[in-house]
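Throughout, a chain's letter reflects where its sequence line sits, starting with A, and its residues are numbered from 1.
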Number of protein chains: 2
Amino acid sequence: MSEHVLHDNGVGIRGFDRSLPMALMRAREAVMRHFRPSLAEHDLTEQQWRVLRALEDADTALSVGELAERTYLLGPSLSRMLALLDDRGLIARSSVPGDARRADIRITATGIELVAAIAPRSEAAYEHIEGRLGPGDLEQLYVLLDKVGRL
Amino acid sequence: MSEHVLHDNGVGIRGFDRSLPMALMRAREAVMRHFRPSLAEHDLTEQQWRVLRALEDADTALSVGELAERTYLLGPSLSRMLALLDDRGLIARSSVPGDARRADIRITATGIELVAAIAPRSEAAYEHIEGRLGPGDLEQLYVLLDKVGRL
DNA sequence: TATTGTTATACTCTATAACTATA
DNA sequence: TATAGTTATAGAGTATAACAATA
């Protein structure tokens, strides 16, 4: 029998400690706690960071809609954010030939530099996590999270 | 060799798909997507839900500070939220004998009823997840998340 | 003096609806 | 008519500082 047993506390709902959303949030908090100061230092919110990372990872221009999906941001939030990131020269927009409604968003060289400047702290956090979990466990965690993410 | 290989994309940072915070967020999104309508139906934000669940799980009164730690909310956010939940009769405050600075927060019968009313939808979401992962994987996921959460 | 909690303030994000331009 | 993106608006959370009351 496992130490992690689902228990009934009388109102037909799992204990707080057995709530998957809370466990996910706790884990995310633990990771971000080490990383957030680095973002603040460079005047980036977590959401802005997600946008830059998504663009940098895409390696190609993305439409606003595609970007919204990948970053879990709503259109209006993203729209305003892109204006700010554009002002800071971190992203650039261009029109799409053949569909004047669409906008192509890409990360600029300045944006890539900023991401690269923050990256070392991110790597340090990962090494810390790997040190605690071991590479096998981390791998297994990714597999399980991917499964849950595909609900 | 695993299919999940950390790769270098030229700026010294992991790919977006190999970002642990993003994987955690995706998983949480997938779970909450099924659950959020139920909260909205009862006029609760995710944060308010966390507060009610934490109180209900504690099975005893908590100080504002303890509650803030358990729900990952800041004092000022929590302070305002407690006033709203108090107005709705979902929580109650009482003074602590021996320390007039502290406030004891507890969930009311009405609050417990509300949690119980929402619980079935939560359970359905869990059954869906268990159906996809299998109980063993879900258990393993909890173990790994707990490890990460203890950073 | 330090701690507990609230209030003040500015900013950001969430969420929905309305709007513009284009397809 | 539908789609892509922006603008408008209201509400809520984040974050820091300042504050009151108490220890």
Do any side-chain atoms of residues 77-85 of chain A form donor-acceptor pairs under 3.5 angstrom with protein atoms, and if so which ones, sequence neighbours left out?
residue: A/Arg80; atom: NH2; partner: A/Pro76; partner atom: O; Å: 3.3

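Under 3.5 Å, the side chains of A/Ser94 and A/Arg106 contain a donor-acceptor pair of N or O atoms.
Contacts with DNA chain C (heavy atom under 4.0 Å) in residues 86-99 of chain B: B/Arg93, listed by number. Proximity of residues 62-73 of chain B to DNA chain D (heavy atom under 4.0 angstrom from any strand atom) is restricted to B/Leu73. Within residues 100-108 of chain A, the residues having any heavy atom closer than 4.0 Å to DNA chain C are, in order of number, A/Ala100, A/Arg101.
Between B/Leu78 atom CG and C/dT4 atom P there is a gap of 14 Å when expressed in whole angstrom units. Rounded to an integer number of Å, the gap from A/Leu85 CG to C/dT12 C1' is 13 Å. In this entry the distance linking CG of A/Leu82 with P of D/dT7 reads 11 Å, nearest Å. Whole-Å rounding puts the A/Met32 CE to D/dA15 C1' distance at 15 Å. Between the CD atom of B/Glu29 and the C1' atom of C/dT14 there is a distance of 12 Å, rounded to whole Å. Taking atom CG of residue B/Leu44 and atom C1' of nucleotide C/dA15, one finds them 16 Å apart after rounding to whole Å.
With the nearest nucleotide of DNA chain C identified for both A/Pro76 and A/Gln48, A/Gln48 has the one nearer the 5' end. Closest-nucleotide positions on DNA chain C for B/Ser77 and A/Met81 were compared, and the one nearer the 5' end corresponds to B/Ser77.
Between B/Asp137 and A/Lys147 there is a salt bridge, since a side-chain N of the basic residue sits under 4.0 Å from a carboxylate O of the acidic one.
The OG1 atom of B/Thr108 lies 7.0 Å from the CD1 atom of B/Ile112; values are rounded to the nearest 0.5 Å. For the atom pair B/Met32 CE and A/Leu24 CG, the distance stands at 10.5 Å (nearest 0.5 Å). Put simply, CD on B/Glu113 and CD1 on B/Ile107 are 10.5 Å apart, with the number rounded to the nearest 0.5 Å.
Annotation for A/Glu69: atom CD does not count as buried by contact number, only 12 or fewer foreign heavy atoms lying within 6.0 Å.
A side-chain donor-acceptor contact under 3.5 Å links B/Tyr126 to the backbone of A/Leu20.
Axis angle across the helix from C/dT1-D/dA23 to C/dA23-D/dT1, with five pairs used at each end and values rounded to 10°: 10°.
Counting only residues at least two apart or in different chains, side chain to side chain donor-acceptor pair (under 3.5 Å) contacts with residues 21-36 of chain B comprise B/Arg28-B/Glu46, B/Glu29-B/Arg36, B/Arg36-B/Glu46.
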